[in-house]
Amino acid sequence: MSSRYWLMKSEPDECAIDDALAAPAQTVPWTGVRNYQARNFMRDAMQVGDGVLFYHSSCPQPGVAGIARVASGVRPDPTQFDAASPYHDPASPPDAPRWLLLDVQALRKTRLIGLPELRNEPALTDMLLLRKGNRLSITPVTPAEWAAVLALADR
DNA sequence: GCCAACGTTGGC
DNA sequence: GCCAACGTTGGC
(Lines give C-alpha, C1' and ligand atoms only; values in the text may rest on other atoms or scores of the structure.)
Protein backbone atom coordinates (compact mmCIF):
# COMPACT_ATOMS: atom_id res chain seq x y z
CA MET A 1 0.00 0.00 0.00
CA SER A 2 1.36 3.35 -1.02
CA SER A 3 -0.07 6.80 -0.60
CA ARG A 4 1.15 10.28 -1.27
CA TYR A 5 -0.65 11.79 1.68
CA TRP A 6 -0.93 10.95 5.36
CA LEU A 7 -2.42 12.17 8.57
CA MET A 8 -0.21 11.97 11.65
CA LYS A 9 -1.46 12.51 15.18
CA SER A 10 0.59 14.34 17.75
CA GLU A 11 -0.31 15.37 21.25
CA PRO A 12 0.34 19.12 21.34
CA ASP A 13 1.62 18.80 24.91
CA GLU A 14 4.48 16.80 23.43
CA CYS A 15 4.92 18.27 20.00
CA ALA A 16 2.54 20.89 18.66
CA ILE A 17 2.80 22.32 15.16
CA ASP A 18 4.48 25.38 16.70
CA ASP A 19 7.13 23.17 18.28
CA ALA A 20 7.82 21.48 14.96
CA LEU A 21 8.07 24.84 13.18
CA ALA A 22 10.52 26.05 15.85
CA ALA A 23 12.76 22.99 15.54
CA PRO A 24 15.99 23.05 13.50
CA ALA A 25 15.02 22.86 9.80
CA GLN A 26 11.42 22.70 11.07
CA THR A 27 12.05 18.98 11.38
CA VAL A 28 11.26 16.60 14.23
CA PRO A 29 11.82 12.87 14.69
CA TRP A 30 8.40 11.22 14.99
CA THR A 31 9.00 9.23 18.17
CA GLY A 32 6.60 7.04 20.06
CA VAL A 33 4.73 5.10 17.39
CA ARG A 34 3.87 1.83 19.18
CA ASN A 35 1.34 0.29 16.85
CA TYR A 36 2.38 -2.23 14.23
CA GLN A 37 0.05 -0.99 11.53
CA ALA A 38 1.30 2.58 11.90
CA ARG A 39 4.89 1.36 11.99
CA ASN A 40 4.35 -0.61 8.82
CA PHE A 41 3.01 2.48 7.05
CA MET A 42 6.25 4.27 7.92
CA ARG A 43 8.41 1.33 6.93
CA ASP A 44 6.64 0.15 3.79
CA ALA A 45 4.67 2.97 2.28
CA MET A 46 5.75 6.44 3.38
CA GLN A 47 8.25 8.22 1.16
CA VAL A 48 10.25 11.40 1.45
CA GLY A 49 8.14 14.26 0.15
CA ASP A 50 4.75 12.73 0.98
CA GLY A 51 2.28 15.30 2.33
CA VAL A 52 1.31 15.16 6.01
CA LEU A 53 -1.69 16.59 7.79
CA PHE A 54 -0.36 17.51 11.23
CA TYR A 55 -3.15 16.59 13.64
CA HIS A 56 -3.45 17.58 17.30
CA SER A 57 -4.98 14.80 19.41
CA SER A 58 -5.84 14.22 23.07
CA CYS A 59 -6.23 17.91 23.72
CA PRO A 60 -9.01 20.47 24.25
CA GLN A 61 -9.24 21.22 20.52
CA PRO A 62 -8.46 18.14 18.45
CA GLY A 63 -8.05 18.79 14.74
CA VAL A 64 -5.73 19.50 11.83
CA ALA A 65 -3.27 22.19 12.87
CA GLY A 66 -0.72 22.31 10.08
CA ILE A 67 0.83 20.93 6.93
CA ALA A 68 4.07 18.97 6.89
CA ARG A 69 6.03 16.55 4.74
CA VAL A 70 7.85 13.29 5.24
CA ALA A 71 11.51 14.26 5.45
CA SER A 72 13.42 10.99 5.85
CA GLY A 73 13.22 7.25 5.65
CA VAL A 74 12.86 5.11 8.75
CA ARG A 75 15.42 4.36 11.44
CA PRO A 76 15.09 2.77 14.89
CA ASP A 77 13.23 4.90 17.45
CA PRO A 78 15.77 5.41 20.27
CA THR A 79 13.06 5.99 22.88
CA GLN A 80 12.24 2.26 22.87
CA PHE A 81 15.60 1.59 24.56
CA ASP A 82 15.39 4.51 27.01
CA ALA A 83 14.26 3.25 30.40
CA ALA A 84 13.33 6.81 31.38
CA SER A 85 11.05 7.31 28.40
CA PRO A 86 7.31 6.68 28.50
CA TYR A 87 7.87 4.91 25.18
CA HIS A 88 10.37 2.47 26.64
CA ASP A 89 9.79 -1.07 25.38
CA PRO A 90 11.90 -3.54 27.35
CA ALA A 91 10.71 -6.35 25.07
CA SER A 92 12.27 -4.80 21.97
CA PRO A 93 15.51 -6.63 21.06
CA PRO A 94 18.38 -4.13 20.59
CA ASP A 95 19.74 -6.12 17.66
CA ALA A 96 16.32 -6.12 15.98
CA PRO A 97 14.51 -2.95 17.06
CA ARG A 98 10.78 -3.32 17.00
CA TRP A 99 9.90 0.38 16.62
CA LEU A 100 10.86 2.85 13.93
CA LEU A 101 10.56 6.55 13.33
CA LEU A 102 11.03 8.98 10.49
CA ASP A 103 11.57 12.72 10.30
CA VAL A 104 8.69 15.08 9.67
CA GLN A 105 9.25 18.61 8.42
CA ALA A 106 6.59 21.17 9.28
CA LEU A 107 5.76 23.45 6.35
CA ARG A 108 3.12 25.75 7.74
CA LYS A 109 0.57 26.22 10.44
CA THR A 110 -3.08 26.28 9.44
CA ARG A 111 -6.02 27.56 11.35
CA LEU A 112 -7.28 24.80 13.63
CA ILE A 113 -9.72 22.67 11.66
CA GLY A 114 -11.60 20.90 14.44
CA LEU A 115 -13.16 17.46 14.37
CA PRO A 116 -16.77 18.70 14.10
CA GLU A 117 -15.81 20.79 11.08
CA LEU A 118 -14.04 17.83 9.47
CA ARG A 119 -17.09 15.66 10.11
CA ASN A 120 -19.28 18.29 8.51
CA GLU A 121 -17.38 18.25 5.25
CA PRO A 122 -19.12 15.97 2.72
CA ALA A 123 -15.85 15.25 0.89
CA LEU A 124 -14.42 13.75 4.09
CA THR A 125 -17.17 11.31 5.09
CA ASP A 126 -14.97 8.29 4.32
CA MET A 127 -11.80 9.67 5.88
CA LEU A 128 -10.13 6.99 8.03
CA LEU A 129 -9.54 9.48 10.82
CA LEU A 130 -13.27 10.00 11.15
CA ARG A 131 -14.25 6.34 11.17
CA LYS A 132 -15.83 5.14 14.35
CA GLY A 133 -13.33 3.61 16.71
CA ASN A 134 -10.30 4.70 14.74
CA ARG A 135 -7.22 4.91 16.95
CA LEU A 136 -4.45 4.69 14.39
CA SER A 137 -1.90 7.46 14.87
CA ILE A 138 -0.92 7.38 11.20
CA THR A 139 -3.52 6.99 8.46
CA PRO A 140 -3.36 7.30 4.67
CA VAL A 141 -5.23 10.24 3.13
CA THR A 142 -6.61 10.21 -0.41
CA PRO A 143 -5.73 13.03 -2.84
CA ALA A 144 -9.37 14.17 -2.74
CA GLU A 145 -9.35 14.29 1.05
CA TRP A 146 -6.04 16.14 1.04
CA ALA A 147 -7.47 18.75 -1.33
CA ALA A 148 -10.65 19.08 0.73
CA VAL A 149 -8.72 19.67 3.96
CA LEU A 150 -6.46 22.25 2.29
CA ALA A 151 -9.56 24.02 0.98
CA LEU A 152 -10.98 24.11 4.50
CA ALA A 153 -7.69 25.47 5.80
CA ASP A 154 -7.92 28.46 3.51
CA ARG A 155 -11.60 29.08 4.05
C1' DG B 1 -5.75 -21.02 17.20
C1' DC B 2 -9.24 -19.35 20.44
C1' DC B 3 -10.70 -15.98 23.43
C1' DA B 4 -11.00 -13.66 27.97
C1' DA B 5 -8.63 -10.28 30.39
C1' DC B 6 -6.22 -6.38 30.33
C1' DG B 7 -4.14 -2.00 28.70
C1' DT B 8 -4.37 2.01 25.67
C1' DT B 9 -6.34 5.58 22.81
C1' DG B 10 -8.80 9.56 22.43
C1' DG B 11 -13.14 12.21 22.22
C1' DC B 12 -16.32 14.10 25.21
C1' DG C 1 -13.10 11.05 34.78
C1' DC C 2 -15.85 8.21 31.79
C1' DC C 3 -16.29 4.93 28.43
C1' DA C 4 -16.35 2.86 23.69
C1' DA C 5 -13.43 0.69 20.71
C1' DC C 6 -9.56 -1.54 19.62
C1' DG C 7 -4.90 -4.05 20.12
C1' DT C 8 -2.06 -7.19 22.74
C1' DT C 9 -1.13 -10.83 25.90
C1' DG C 10 -1.13 -15.26 27.57
C1' DG C 11 -3.44 -19.49 29.27
C1' DC C 12 -5.36 -23.41 27.42
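The sequence lines fix the lettering, A, B, ..., with proteins before strands; numbering per chain opens at 1. These numbers were taken from a predicted model, which means no experiment stands behind them.
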Rounded distance in Å - [atom1] ([X]) to [atom2] ([N]):
X: A/Asn35; N: C/dA5; atom1: CG; atom2: P; value: 18 Å
X: A/Gln37; N: C/dG7; atom1: CD; atom2: P; value: 7 Å
X: A/Ile138; N: B/dT9; atom1: CD1; atom2: C1'; value: 15 Å
X: A/His88; N: B/dT8; atom1: NE2; atom2: P; value: 15 Å
X: A/Glu11; N: B/dT9; atom1: CD; atom2: C1'; value: 9 Å
X: A/Asp89; N: B/dT8; atom1: CG; atom2: C1'; value: 14 Å
X: A/Arg34; N: B/dG10; atom1: CZ; atom2: P; value: 14 Å

Which Ile, Leu, Val, Met, Phe, Trp or Tyr residues join A/Val48 in one cluster when any pair of side-chain heavy atoms under 4.5 Å counts as a link?
none

Any Lys/Arg nitrogen of A/Asp89 or A/Arg34 sitting under 4.0 Å from an Asp/Glu carboxylate oxygen of the other?
no

Within less than 4.0 Å of OP1 or OP2 of B/dT9, is there a side-chain N or O belonging to A/Lys9?
no

Phosphate-side-chain proximity, A/Tyr55 and B/dG11, N/O vs OP1/OP2 below 4.0 Å
yes

If you look only at pairs with a residue in residues 92-147 of chain A, which of them pass as a ring pair (Phe, Tyr, Trp, His ring centres under 6.0 Å), with sequence neighbours excluded?
A/Tyr5-A/Trp146, A/Tyr36-A/Trp99

Which residues share a salt bridge (Lys or Arg N to Asp or Glu O under 4.0 Å) with A/Arg69, sequence neighbours left out
none

Who passes side chain to side chain donor-acceptor pair (under 3.5 Å) against A/Ser58, sequence neighbours left out?
none

Does anything in residues 115-135 of chain A reach DNA chain B, meaning a heavy atom under 4.0 Å, and if so which residues?
A/Leu115, A/Arg135

Sequence-distant partners of A/Phe54, ring-ring contact (aromatic ring centres under 6.0 Å, His included), two or more places apart
A/Trp30, A/His56

